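The structure appears below as structure tokens.
The chains referred to below are lettered A, B, ... by the order of the sequence lines, with proteins before strands, and numbering in each begins at 1. Predicted model only: the values in this text are computed from it and were never measured.
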Amino acid sequence: MSDLILFWHRRDLRICDNIGLAAARQQSPKIVGLFCLDRHLLNLDDVAPARVTYMMGCLQKLQQSYAESGSQLLIIQDEPSEAIPRLATAINAKAVFWNLDVEPYAKKRDLAVSNALAQTGIQVKNFWDQLLHAPEEIRTGTGNPYTVYTPFWKKWNSLPKTQPVETLPIISLEEMTGLSAAEAEIARQAGAMEILPSARDLGFIWENPLLIEPGENAAQEKLEYFCDLAIYEYQDQRNFPIINGTSQLSPALKFGAIGIRTVWQATQILMDNCRNEEGRTNIRTWQQELAWREFYQHAMYNFPELADGPYRQAFKDFPWENDEKLFQAWCRGKTGYPIVDAAMRQLNQTGWMHNRCRMIVASFLTKDLIINWQWGEKYFMQKLIDGDLSANNGGWQWSASSGMDPKPLRIFNPVSQAQKFDPEGEYIRHWVPELRRVDTKLLLTGNILPLERKFLPYPDRVVDHNEQQRKFKELYKQQKIVD
DNA sequence: TGCACCTTTTG
DNA sequence: AAAAGGTGC
């Protein structure tokens with residue numbers, strides 16, 4: 001029996017601090033990597049060109065790492081449940097290892113692959129890698145999953161976190177690993193390419209510069225950069241979209257270009273060395289964001305129906321108005337509300353939007369335009385470089401008030417939000433250049449003078465905030481009776 | 001990681 | 001009179 005282990009990468013596009021890969025390496029010196037460009041990943045209409053470009057960049061770096069180790073990262077563009085058993089059998093692998101995921105599609109796909117591999121007698125081993133705590137670990141006193149963030153955070157924070165795992169080199173000089181030339185030919189015949197297609201080859205064209213550099217090294221550098229300074233001011237600075245006060249690690253965390261244990265350890269070291277209370281509070285605030293990420297992933301794992309619609313009954317048959325013209329105005333950043341338009345243009349042009357603005361535009365779409373939050377959820381997935389089902393769905397359900405957390409009906413006021421978080425109008429002026437010369441006070445309220453407006457290529461407000469919020473509350477009141 | 005509306009405090 | 005604080009949705 002060969003001792004070759006096929007390691008299937010999915011949301012763990014890295015070598016370091018990779019639980020499943022480390023386990024594989026412990027069992028065998030001969031590891032071959034695999035990635036499946038399956039239809040779900042590429043053919044749906046909610047895939048963002050920026051995100052695919054980032055992912056392909058990560059794969060390219062990962063392939064280099066494998067090559068430098070004397071092994072290969074094989075690429076399959078086929079149905080995993082057919083292609084993986086076919087490949088594993090052809091190259092005589094003794095086992096296929098992979099790290100688990102929380103998404104409904106991934107769970108279903110993995111089950112099909114596991115079942116198909118069971119038929120061939122090839123061993124399967126799975127690991128939890130992308131979370132600090134696996135879904136089964138976080139349970140209430142009665143053994144149920146949490147549906148509210150704060151008690152989840154308390155439990156999650158109380159549990160000890162594991163250190164990053166050490167990954168032995170995939171190959172050491174004495175042990176020749178990877179596929180031989182003859183085996184590589186067999187792999188080719190089984191449908192595995194060694195040439196990585198570009199995002200463009202796959203039909204995803206991203207013309208603008210990629211905001212975040214792909215790959216493991218770049219992610220590590222981003223973490224170190226953030227931990228140098230910005231994390232100490234995170235709580236104060238994260239709300240201002242003109243400031244680079246956030247980590248921008250979300251694409252790396254989405255695709256596993258960095259290990260979550262590595263991230264946590266970096267914050268803990270800062271925490272242990274930080275002498276002042278204020279610094280620790282800021283670090284803690286960022287750690288809570290990591291907990292939000294896990295909260296939403298656990299929620300998706302435990303309640304997969306979240307992916308298909310609102311959690312709360314009151315929103316199951318909500319009479320959304322779903323006006324196509326208003327939706328187009330929102331998408332294009334032409335609502336006449338400067339902060340909303342600035343944010344949407346940032347998204348369209350860079351594939352990224354500051355989180356404060358994500359909340360503002362989400363509230364605006366749902367509460368002001370009275371459009372189903374799922375339209376916005378999908379549009380974000382079509383644009384975001386860090387688009388992730390659990391985080392995006394969680395965020396949108398939070399904004400729509402349709403999610404699990406019991407909460408007041410949050411209706412953001414786009415004017416007061418702009419006044420609070422872009423007080424000088426710098427962010428607005430950057431992304432809505434036609435308003436550059438408008439007086440700051442008027443810019444923030446959006447009350448551009450009629451005379452000035454005549455000469456600006458900027459739209460009138462598509463709706464009136466006060467009127468719409470009254471209307472929304474009325475609709476909500478009627479729905480709540482059913483709840 | 002809300003806002004509106006109210007009361008209390010401050011200068 | 002403005003700022004700060006409390007409360008209900």
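As a whole-Å value, the separation of Lys477(A) NZ from dC9(C) P is 12 Å. Computed from coordinates, the Phe472(A) CZ to dG2(B) C1' distance equals 14 Å when rounded to whole Å. Atom pair Ile411(A):CD1 and dC3(B):C1' shows a separation of 9 Å (rounding to whole Å applied). Per the geometry, CG belonging to Leu409(A) stands 12 Å off P belonging to dA4(B), to the nearest Å. For Lys420(A) and dA4(B), the NZ to P distance is 9 Å, given to the nearest whole Å. In this structure, the CD atom of Gln479(A) is 20 Å from the P atom of dC9(C), given to the nearest Å. When rounded to the nearest whole Å, the span between CD of Gln417(A) and P of dA4(B) equals 10 Å. In this structure, Tyr476(A) places its OH atom 17 Å from P of dC3(B), rounding to the nearest Å.
Under the rule for a salt bridge (charged side-chain N to carboxylate O under 4.0 Å, His left out), Lys383(A) has no partner lying at least two apart in sequence or in another chain. Scored by the side-chain contact (heavy atoms from CB on, under 4.5 Å) test, His430(A) finds no partners at all (sequence neighbours excluded).
In this structure, Arg356(A) is positioned above the aromatic face of Phe421(A), its NZ or CZ under 6.0 Å from the six-membered ring centre and within 45° of the axis.
Residue Tyr149(A) is out of contact with every strand shown, counting any heavy-atom pair closer than 4.0 Å. Among the atoms of the strands shown, only primed sugar atoms or phosphate atoms (P, OP1, OP2) are found under 4.0 Å from some heavy atom of Ser416(A).
Checking the phosphate oxygens (OP1, OP2) of dG2(B), no side-chain nitrogen or oxygen of Asn413(A) falls inside 4.0 Å.
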Should Asp386(A) and Lys254(A) be marked as a salt bridge (charged side-chain N to carboxylate O under 4.0 Å, His left out) after you check the CA-CA gap, both sets of side-chain angles, and the distance that decides it? CA-CA 6 Å; Asp386(A) 59 18; Lys254(A) 150 83 184 176; over 6 Å; no
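The ring of Tyr146(A) has its center no closer than 6.0 angstrom to the ring center of Phe295(A).
Here the straight-line distance linking atom CE of Met344(A) with atom OG1 of Thr335(A) works out to 9.0 Å at 0.5 Å rounding.
Of the residues listed (Trp373(A), Phe472(A), Tyr476(A)), the one engaging Phe318(A) in a ring-ring contact (aromatic ring centres under 6.0 Å, His included) is Phe472(A), and it is the only one.
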Polar atoms only, N or O, under 3.5 Å: list the protein pairs with nucleotides 3-7 of chain C and their distances.
none

